[in-house]
Each structure stands twice: as structure tokens, then as C-alpha cells.
Amino acid sequence: MPKDKISAAKFLHGTQQEKMEFVTAFTEALKKNGWAVLTDLGLESKEVDEMFQWNKRLFDAPKDWTVKNRVTGTNGLTPDRATGPASRGYGAVNSEKIWKLKSENSFKQSQRQDLKEFFDMGPPDDTEYPTAFPPESVLPGFSDFMKVKYYRLQEVATQLMGALEIGLGLPPNALTQKCEPVNSELRFNHYPPLQATSRQGGLRSVGHTDLGVLTLLFADGVAGLEFENRATGAFEMAETRGSQEMLVNISDTLERWTNGVLRGGLHRVSGAGVGDQSVMPTRRSIVFFYKADMQSGSGPLEEFVSEKNPARYDDVTVDEFLRRMNARLYK
Ligand SMILES: O=C(O)CCC(=O)C(=O)O
Ligand SMILES: [Fe+2]
């Protein structure tokens, strides 16, 4: 498991050789583990702290506005998550049936729960699947703030994808061009405090891989995020230091494009690490799902397919792939 954190400073500001050192370390970590922790991203920790402050304000605010915007409601604006390829707006606790994504039967009945509420924002200029924000009267300034952060994180993710293109020996923009026009999702997660007696299997979110290309994640100080150790099959705590460190994990679309050379990092959120405290504390995370353009193919790139290594994934469009997964996740 990656105990070492990789500094992005050399990639952002270094010599050609230093850039390549980052590219190699980053690509190797993702090939081996499916995830890595990066430091020195060029993101001010103040910027990330501000996102956590908005996360708190958002979930503390009265939720009347969300009624029109629940998982099953279309609101004339927000697509029904279960039938569409996108996720937008507020989702209450237990909206995501994450156990249906991989192997439903491996989860006990008591583990089939998801104890986070969340808010997903799509591209600010998306007219097909617009994000229903809380009204300005409820949370003044929130949508403007989010738009700026959305593009900032898109920029960071695009840079990291550029590094991966080099690391995988692909031509420049081979992967990033499949992510234009922008189709990522910026998510705020909030895990409300929970009595230990209702932990039910000790998990706040069960094991899964994310649907997009690459996921960027910041967690507050409360432990919980765990990744599968591929050597042992056991889940182990992934530690990040608040706003100064960012976790990156491979998601399903990149696994499909690379025909399994990069495999999605399997992760979950546990209530472990809080000892025998009777209440699990509130936990918050900020997640950027870097996603592909809906019209791009989701099947393996020709560079990763050969007679010996035939395509393992069907080449449906990203739109179709995401609809397939959303139908499991939200129905
Ligand atoms: O909150 C976390 O640390 C993980 C969140 C997560 O896995 C997700 O939103 O897909
Ligand atoms: Fe996830």
C-alpha cells in the first residue's frame, strides 16, 4: 500500500527530468494500487478549506429546496438519476445503492446502506443536465463559488491526465481529448454523526469503484476512507492530511480505456478508527469525478488491445455506460 506521498511540485515547476520522475512515480503507483496521495498541487490549502466551509454551510442549511430535487424527482430541470447518465443536485442518505455496482451478493443485508448525503454539480454551462442549486436566498454565493472551484479542479485533473498519457506512452491529449467538452462532477459528501449501535457492519459506504475517469478527493480530518490492498485483499486506511493532500484514484472509465492496465481503486468508507466511541463523528469529503464526454467511446483504446490481450470491455458510448451504472446505483 502506498505509504509514500508523491509531490507534484516537480511536475508543475521542475526540469524535464524532474517532470519525468513524477510521471513515473505517479503512473507506477496507480498501476500497482489504483490510487495515490499527492502533495504540493499548486492548490492553496485555503482554497480547499473554503470548500469544506461551504460543505458545512450547504448541509446545515434548511433542505426544503431539495424536495423538488430528490433522486426520483425531475423538477423539470434535473434528470432522473436512475434513467439518465448524470448525477446532479442533492441526494439524501441511502440514495445510492452502491452495493449494486459490483457484486451485490457479497454484501450482507445489514451492509446494504449508504450513510452519506451529497450534492453533485455538473458543468456550469450544461443545459441538458443542469444542476439545481439551492436558491440564492438559502445559500447566497454558493453557486458562484462552486463554478470557480469546478473549473479549477478540472484544470488539476487535466494536468494529471497529461502526466498519465506520458506515463502510459500515449500521444499527447489521447485521453484528455475524450474528456472535452467538460463533463465532470464536483461532489460534496456529508456523513452525519451516527450512534455506534446503528453502525450495521461498521460501514458508512460499501466497497466500490467510481464511474468516471479519475477521481480527486479531499477528506476532512475524520478517518474512514479505506482502499483495498491488492496483495492481501484487505481494506486499509488511506490517510490524507486535510486540505494539503489530495487522493487520486483510477475510476471505471479509465480501466475500460486501458483495457485493465490501470484498474479502478476499490474503496469504502468505514466507521473504524474511532475506537469504541459511542458516536461516529460527522465526516465530510470533497470529490471531483473527472469524467469523459458523453459521446466518447468507453471501450479500450487500440493501443491496449492485441490478439493476446483482446478487449475486455464493450465499446458503448460513455453516455450508455453511465446510464447502465446509474440504473443500478439509483433504481
Ligand atoms: O468520502 C469519502 O472519502 C469517499 C467518497 C466516495 O467514495 C464517493 O463519493 O464515491
Ligand atoms: Fe467513491
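Throughout, numbering of the chain's residues begins at 1 and tracks the sequence.
Two residues are said to be in side-chain contact when any heavy atoms from C-beta on lie closer than 4.5 Å; His208 and His267 meet this criterion.
Considering all non-hydrogen atoms of both residues, Thr253 and Leu211 come closest at OG1-O, 2.7 Å.
Under the side chain to side chain contact (heavy atoms under 4.5 Å, CB included) criterion, Glu155 pairs with Arg152, sequence neighbours left out. Applying the ring-ring contact (aromatic ring centres under 6.0 Å, His included) rule to Phe11 yields the partners Phe22; only residues at least two apart in sequence or on another chain are considered. With sequence neighbours excluded, no residue satisfies ring-ring contact (aromatic ring centres under 6.0 Å, His included) with Phe218. By the salt bridge (Lys or Arg N to Asp or Glu O under 4.0 Å) test, Arg187 pairs with Glu96, Asp120, sequence neighbours left out. Considering only residues two or more places apart in sequence or on other chains, Arg241 meets the salt bridge (Lys or Arg N to Asp or Glu O under 4.0 Å) condition with Glu245. Qualifying ring-ring contact (aromatic ring centres under 6.0 Å, His included) partners for Phe59, counting only residues two or more places apart in sequence or in other chains: His190. When the salt bridge (Lys or Arg N to Asp or Glu O under 4.0 Å) test is applied to Lys149, the partners found at least two apart in sequence or on another chain are Glu47. The ring-ring contact (aromatic ring centres under 6.0 Å, His included) test applied to Phe145 returns Trp54, not counting sequence neighbours. Every salt bridge (Lys or Arg N to Asp or Glu O under 4.0 Å) that Asp114 has, sequence neighbours left out, goes to Lys116.
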Does Glu255 form a salt bridge (Lys or Arg N to Asp or Glu O under 4.0 Å) with Arg263? I'd like the steps, not just the answer.
CA-CA 5 Å; Glu255 172 169 327; Arg263 281 187 294 130; over 6 Å; no
For Arg256 and Asp252: C-alpha separation, side-chain torsions, deciding distance, then whether salt bridge (Lys or Arg N to Asp or Glu O under 4.0 Å) applies.
CA-CA 6 Å; Arg256 296 170 64 87; Asp252 294 347; over 6 Å; no
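Taking CZ of Arg268 as the start and CD of Glu226 as the end, the distance is 4.5 Å to the nearest 0.5 Å.
Judged purely by distance below 3.5 Å, without hydrogens or angles, the side chains of Gln154 and Ser184 pair a donor atom with an acceptor atom. With hydrogens and angles left out, the side-chain atoms of Asp40 and His13 include no donor and acceptor closer than 3.5 Å.
The aromatic ring centres of Phe52 and Phe188 sit 6.0 Å or more apart. Centroid-to-centroid, the aromatic rings of Phe119 and Phe142 come within less than 6.0 Å.
Listed by first and then second residue, the ring pair (Phe, Tyr, Trp, His ring centres under 6.0 Å) pairs that reach into residues 289-315 come to none, sequence neighbours excluded. The salt bridge (Lys or Arg N to Asp or Glu O under 4.0 Å) analysis of residues 279-307, with sequence neighbours excluded, yields the pairs Glu185-Lys291. Sorted by first and then second residue, the salt bridge (Lys or Arg N to Asp or Glu O under 4.0 Å) pairs involving residues 11-27 (not counting sequence neighbours) are Lys10-Glu21.
Ion pairing between Lys63 and Glu117 holds under the 4.0 Å rule for side-chain N and carboxylate O.
Glu44 CD: 12 or fewer foreign heavy atoms inside a 6.0 Å radius.
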